Number of protein chains: 2
Amino acid sequence: MLQRHTEVTTEFRRDECNPITRDVLTRVGDKWTVFTVVVLGGGPKRFNELKRSIDGISQRMLTLTLRTLERDGIVTRSVFPTVPPRVDYALTPLGMTLLRTLKDLHDWVSSNADEITQARAAFDRRSAVQQPL
Amino acid sequence: MLQRHTEVTTEFRRDECNPITRDVLTRVGDKWTVFTVVVLGGGPKRFNELKRSIDGISQRMLTLTLRTLERDGIVTRSVFPTVPPRVDYALTPLGMTLLRTLKDLHDWVSSNADEITQARAAFDRRSAVQQPL
DNA sequence: CAGAATCCGTCTGGATACTG
DNA sequence: CAGTATCCAGACGGATTCTG
């Protein structure tokens with residue numbers, strides 16, 4: 001039957017979707033951020049190593065993503081004054097804790113991508129019947 | 001079976017950041033998606049209930065977010081032909097599994113928003129010293 | 001190698017007005 | 001109540017070129 005457990009249930013607290021939370025969530029949930037952090041979860045990497053590991057990312061986006069992550073205290077940037085220059089990126093302790101969460105998210109997506117693709121096809125089929133041109 | 005064993009050494013498998021995964025991740029990690037799914041984790045909600053619960057979301061974005069989630073098989077949309085109309089949104093079983101992950105992400109952000117804010121301030125201070133106009 | 005800088009089309013998303 | 005439709009500024013992000 002209709003279980004109408006009146007909305008006395010845990011009401012979502014408004015102060016948990018404040019501007020700061022929203023902003024951080026926007027960056028942290030970003031697709032390139034997820035890939036970057038997950039890849040860095042395998043250990044420190046150099047710039048071009050990361051670029052090769054993250055399929056489809058442009059140099060510009062990798063730079064911007066890394067810069068933002070560094071600013072947010074999630075990755076460190078270590079420059080070795082050699083020739084040619086070498087720059088290592090690694091997760092901070094804070095980044096390590098984020099890794100766990102993002103790895104879960106990434107795994108969920110990987111595991112359910114097919115089901116979602118099928119759901120989309122089914123939805124589009126239903127819509128197509130409703131609106132024949 | 002077409003198992004490509006090239007570059008087995010790489011910890012991160014390339015086919016795990018394929019276009020589909022990337023696409024799903026882009027949507028699922030979206031800030032409004034996270035808030036919407038987390039709020040729906042508290043039970044079915046009506047359109048305006050959701051709108052009131054998600055601070056700062058516009059009607060347009062709520063509509064688009066819900067439509068996408070419905071298409072992806074993550075939420076259901078139940079229309080009650082009453083006057084005035086009533087539409088309930090709820091998580092599907094697939095949505096329930098996503099909820100766990102997104103709740104973690106949301107909680108991580110809530111817990112670490114302050115630390116990140118401070119990291120940003122520190123980073124900006126360091127940068128400011130380097131570039132005095 | 002690791003980027004910075006620039007150009008520029010695409011997409012995002014808020015505001016507003018209208019509807020069944 | 002629960003949307004749809006339209007407008008439009010600004011952010012996103014790829015491609016390309018240049019540098020220490």
Side-chain angles (χ1 to χ4, degrees), chain A residues 7 17-19 21-36 39-40 44-72 75-90 123 127 130-131, chain B residues 17-19 22-36 39-40 44-72 75-90 123 127 130-131:
Chain A
E7 52 220 80
C17 44
N18 59 51
T21 304
R22 230 183 304 157
D23 179 80
V24 173
L25 201 46
T26 299
R27 300 184 179 285
V28 140
D30 170 70
K31 103 190 125 177
W32 296 132
T33 297
V34 175
F35 286 133
T36 302
V39 169
L40 281 177
K45 298 266 184 302
R46 300 178 60 171
F47 186 84
N48 278 333
E49 254 184 306
L50 284 168
K51 189 167 184 325
R52 279 190 298 273
S53 297
I54 305 170
D55 192 33
I57 197 170
S58 64
Q59 186 194 64
R60 176 186 147 85
M61 287 317 295
L62 181 55
T63 301
L64 288 177
T65 301
L66 288 169
R67 211 56 86 235
T68 301
L69 288 174
E70 186 195 359
R71 180 172 182 258
D72 288 357
V75 310
T76 56
R77 178 171 179 274
S78 312
V79 183
F80 300 85
T82 58
V83 177
R86 176 202 178 97
V87 180
D88 275 14
Y89 291 92
F123 182 91
S127 307
Q130 303 277 9
Q131 312 232 355
Chain B
C17 46
N18 60 51
R22 231 183 303 157
D23 178 80
V24 173
L25 201 46
T26 300
R27 301 184 178 285
V28 141
D30 171 71
K31 102 189 127 181
W32 297 132
T33 297
V34 175
F35 286 134
T36 302
V39 169
L40 281 178
K45 298 267 186 300
R46 300 178 61 170
F47 186 85
N48 277 334
E49 253 183 307
L50 284 167
K51 189 166 185 325
R52 278 190 299 273
S53 298
I54 305 169
D55 191 33
I57 196 169
S58 64
Q59 189 190 57
R60 175 187 149 84
M61 286 318 294
L62 181 55
T63 301
L64 287 177
T65 302
L66 288 170
R67 210 57 87 235
T68 301
L69 288 174
E70 187 194 357
R71 183 167 107 104
D72 287 357
V75 309
T76 56
R77 179 172 178 273
S78 311
V79 182
F80 299 84
T82 57
V83 176
R86 176 202 178 98
V87 180
D88 275 15
Y89 290 92
F123 181 92
S127 308
Q130 303 277 7
Q131 312 233 349

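A note on names: the letters A, B, ... follow the listed sequences, proteins ahead of strands, and every chain is numbered from 1. From a predicted model like this one, the values you see are computed outputs, not experimental measurements.
In the helix from C:dC1-D:dG20 to C:dG20-D:dC1, the rotation axis of the first five pairs and that of the last five pairs differ in direction by 50°, rounded to 10 degrees.
Taking the side-chain hydrogen bond (donor to acceptor under 3.5 Å, both in side chains) definition, one finds that B:R71 meets it with A:D124, sequence neighbours left out. Taking A:V79 as the reference, A:R77, A:V87 meet the side chain to side chain contact (heavy atoms under 4.5 Å, CB included) condition, with sequence neighbours excluded. The side-chain hydrogen bond (donor to acceptor under 3.5 Å, both in side chains) search around A:N48 returns none, not counting sequence neighbours.
Across the interface with DNA chain C, nearest-nucleotide mapping of B:K31 and A:T63 shows A:T63 to be the residue nearer the 5′ end. Residue-to-nucleotide proximity on DNA chain D shows that, of B:R46 and B:R60, the 5′-proximal contact is made by B:R46.
Using a 4.5 Å cut-off on side-chain heavy atoms (C-beta onward), A:I57 and A:F35 make no contact. Two residues are said to be in side-chain contact when any heavy atoms from C-beta on lie closer than 4.5 Å; B:L50 and B:L66 meet this criterion. For the pair A:D88 and A:K45, the minimum side-chain heavy-atom distance is 4.5 Å or more.
Here the CD-CD1 distance, from B:E49 to B:I54, works out to 11.0 Å after rounding to the nearest 0.5 Å. Between A:E70 atom CD and A:Y89 atom OH the span is 7.0 Å, to the nearest 0.5 Å.
Residues B:V39 and B:S53 approach most closely at CG1-CB, 3.9 Å, considering heavy atoms.
First and last contacting nucleotides of DNA chain D toward chain B (any atom under 4.0 angstrom from a heavy atom, 5' to 3' order): D:dC1 to D:dT6. Bracketed by its first and final contacts, the part of DNA chain C lying under 4.0 Å from non-hydrogen atoms of chain B reaches from C:dG13 to C:dG20 in 5' to 3' order.
The side-chain hydrogen bond (donor to acceptor under 3.5 Å, both in side chains) contacts involving residues 23-36 of chain B comprise A:R120-B:D23, B:D30-B:T33, where partners must be two or more places apart or lie in separate chains. Within the structure, the side-chain hydrogen bond (donor to acceptor under 3.5 Å, both in side chains) test picks out no pair touching residues 56-67 of chain A (sequence neighbours left out).
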For this session: Decide yes or no on side chain to side chain contact (heavy atoms under 4.5 Å, CB included) for B:R22 and A:D55, but give the supporting numbers first.
Result: CA-CA 9 Å; B:R22 231 183 303 157; A:D55 192 33; 3.9 Å; yes
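Proximity of residues 78-88 of chain A to DNA chain C (heavy atom under 4.0 angstrom from any strand atom) is restricted to A:P84, A:P85, A:V87.
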